[in-house]
J.: 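Here you go, one structure.
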Amino acid sequence: MNSLLQDIERLKKEKNAVILAHTYQPGEIQDVADFVGDSYGLSVEAANVSADSIVFCGVRFMAETAAILNPSRNVILAEPDAGCPMADMINEEELRKLKEQYPDYIVMCYVNSTAEIKALSDVCCTSSNAVTIAKKLPPDKGIIFVPDKHLGSVVQEMTGRNMYLWDGFCPTHLRIIPSMIVNARKNYPDAIIMIHPEAEHNCRVLADKVLSTGQMCEFVKNSKHSVFVIATELGIMHTLRKENPDKTFIPLSDKLLCPNMKKGKLENVKRALEGTYGEIIKLDSVVASKALVSLKKMLELSK
Ligand code: 13P
Ligand code: SF4
């Protein structure tokens with residue numbers, strides 16, 4: 001083990017800290033994490049952490065979610081500049097206006113949103129439970145879905161619900177274009193093509209499976225197939241190859257990199273543990289307690 005890895009292991013013990021990492025993080029960071037998962041898995045894990053500190057390797061909304069779900073822990077965002085452009089595509093004022101326009105609608109927010117947006121929402125969701133949750137909401141009610149119009153349209157297609165979709169999107173997943181999938185199908189006729197729900201409809205319809213990152217990992221583990229084309233952020237290639245050494249994974253494109261997820265550096269994880277880098281997440285207590293209601297509703301309805 002090199003000295004950086006030894007330092008990280010030592011500091012984790014000394015500080016009674018755990019490292020949580022999203023599957024889009026660089027492989028070397030996934031390898032030092034105590035838990036690697038999708039947004040939903042990370043939320044459940046964060047809620048149950050008993051260690052004093054959580055060093056979060058992901059983007060801001062994920063660390064905020066961990067701090068809301070487990071407020072007595074010290075949550076440190078390892079890369080303070082790592083945001084999610086989609087989460088910043090709607091602000092409080094815009095959502096308030098929308099609620100006034102559609103006063104009877106239920107507000108459902110994707111976890112890729114700020115704490116303030118979660119606080120104004122009735123229920124939160126991730127890409128792995130959005131459909132399940134929407135099916136459990138009162139059937140006579142319309143749903144305002146923010147901020148991702150693509151995940152929102154998946155929910156609409158799968159449930160037939162009356163929905164208002166905010167115009168947000170993930171710039172990384174929008175790099176996927178139909179010709180990439182058509183070419184992958186031609187080049188790898190035996191492969192299963194898996195795509196993330198943040199991709200556009202005209203791409204999703206060409207793939208075999210529309211799955212969140214956690215669902216992709218689960219599907220591959222239980223599948224008899226051996227070749228998979230992966231249409232999501234490239235970090236997941238590390239997770240999939242590590243968990244399934246006997247299977248083959250082909251990235252749809254080498255352009256599917258989230259610049260914010262790729263800010264993660266191992267040296268900064270060490271510094272975050274030392275307390276010389278990273279940002280301790282501090283949230284307004286009223287915002288945090290309101291956001292907790294929508295997150296708890298998500299956890300309850302995803303069972
Ligand atoms: P999941 O982790 O829910 O698959 O979402 C992907 C994502 O874009 C997180 O930012
Ligand atoms: Fe945000 Fe897209 Fe990056 Fe996820 S992959 S953090 S949705 S920009």
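One-based numbering along the sequence shown. All ligand and atom numbering here is 1-based and tracks the order in the structure.
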J.: Would you say the side-chain atoms of Arg175 pair up with the backbone N or O of Leu256, donor to acceptor, closer than 3.5 Å?
T.: no
J.: Considering non-hydrogen atoms of the protein only, which is the closest contact for atom 2 (Fe) of ligand 2, and what is the distance?
T.: Cys170 SG, 2.3 Å
J.: Does a side-chain N-to-carboxylate-O contact under 4.0 Å join Arg10 and Glu14?
T.: yes
J.: If we count only N and O atoms by modelled type, under 3.5 Å, do the side chains of His238 and Asp31 hold a donor and an acceptor together?
T.: yes
J.: At under 4.0 Å between heavy atoms, is it the side chain or the backbone of Glu198 that contacts ligand 2, or both, or neither?
T.: side chain
J.: Is the closest N or O pair between Ser39 and ligand 1 shorter than 3.5 Å?
T.: yes
J.: Does Glu233 reach ligand 1, in the sense of a heavy atom lying below 4.0 Å from it?
T.: no
J.: Looking only at distance, does Asp38 have an N or O less than 3.5 Å from an N or O of ligand 1?
T.: no
J.: Suppose I only count heavy atoms of Thr213 and a 4.0 Å limit; which atoms of ligand 1 are within that range?
T.: 1 (P), 2 (O), 4 (O)
J.: Can you list the ligand 1 atoms lying under 4.0 Å from a non-hydrogen atom of Met62?
T.: 9 (C), 10 (O)
J.: CD of Glu93: more than 12 outside heavy atoms within 6.0 angstrom?
T.: no
J.: Could you tell me whether any N, O or S atom belonging to Cys258 is less than 2.8 Å from atom 3 (Fe) of ligand 2?
T.: yes
J.: In terms of residue, atom name and distance, what is the protein heavy atom nearest to atom 8 (S) of ligand 2?
T.: Pro85 CD, 3.6 Å
J.: Quick test: of every protein heavy atom, which one is nearest to atom 1 (Fe) of ligand 2, and how far off is it to 0.1 Å?
T.: Cys84 SG, 2.4 Å
J.: Do the side chains of Lys262 and Glu233 get close enough for a salt bridge, i.e. N-O under 4.0 angstrom?
T.: yes
J.: What about His22: any of its N or O atoms under 3.5 Å from an N or O on ligand 1?
T.: yes
J.: Please tell me if the side chains of Val32 and Leu266 come closer than 4.5 Å, counting only heavy atoms from C-beta onward.
T.: yes
J.: Hey, which atoms in ligand 1 end up nearer than 4.0 Å to a heavy atom of Tyr110?
T.: 5 (O)
J.: Are Val111 and Leu292 connected, step by step, through hydrophobic side chains (Ile, Leu, Val, Met, Phe, Trp, Tyr) whose heavy atoms are closer than 4.5 Å?
T.: yes
J.: Can you sort out which atoms of ligand 1 are near Glu198, meaning under 4.0 Å from one of its heavy atoms?
T.: 6 (C), 7 (C), 8 (O)
J.: Are the charged groups of Arg60 and Asp81 less than 4.0 angstrom apart, N to O?
T.: no
J.: As an exercise, identify every atom of ligand 1 less than 4.0 angstrom from a heavy atom of His196.
T.: 1 (P), 4 (O), 5 (O), 6 (C)
J.: Check the pair Glu92 / Arg96 against salt bridge (Lys or Arg N to Asp or Glu O under 4.0 Å), numbers first and verdict last.
T.: CA-CA 6 Å; Glu92 277 177 277; Arg96 277 187 213 282; 3.4 Å; yes
J.: Regarding Asn260 and Tyr24, do their side chains bring together a donor and an acceptor under 3.5 Å, going by distance alone?
T.: no
J.: Looking only at protein heavy atoms, identify the closest one to atom 10 (O) of ligand 1 and say how far it is in Å.
T.: Asn112 ND2, 3.3 Å
J.: List the closest protein heavy-atom neighbour of atom 4 (Fe) of ligand 2: residue, atom name, distance to the nearest 0.1 Å.
T.: Asn112 ND2, 4.0 Å
J.: If you draw a 6.0 Å radius around NZ in Lys290, do more than 12 non-hydrogen atoms from other residues or ligands fall strictly inside?
T.: no
J.: For Ser212, take its heavy atoms, then give the atoms of ligand 1 lying under 4.0 Å from any of them.
T.: 4 (O)
J.: Note the single closest protein heavy atom to atom 3 (O) of ligand 1, along with its residue, its atom name and the distance in Å.
T.: Ser127 OG, 2.7 Å
J.: So which bit of Tyr40 gets within less than 4.0 Å of ligand 1, heavy atoms only: side chain, backbone, both or neither?
T.: neither
J.: For the side chain of Arg161 and the backbone of Lys141, is there at least one donor-acceptor N/O pair under 3.5 Å apart?
T.: yes
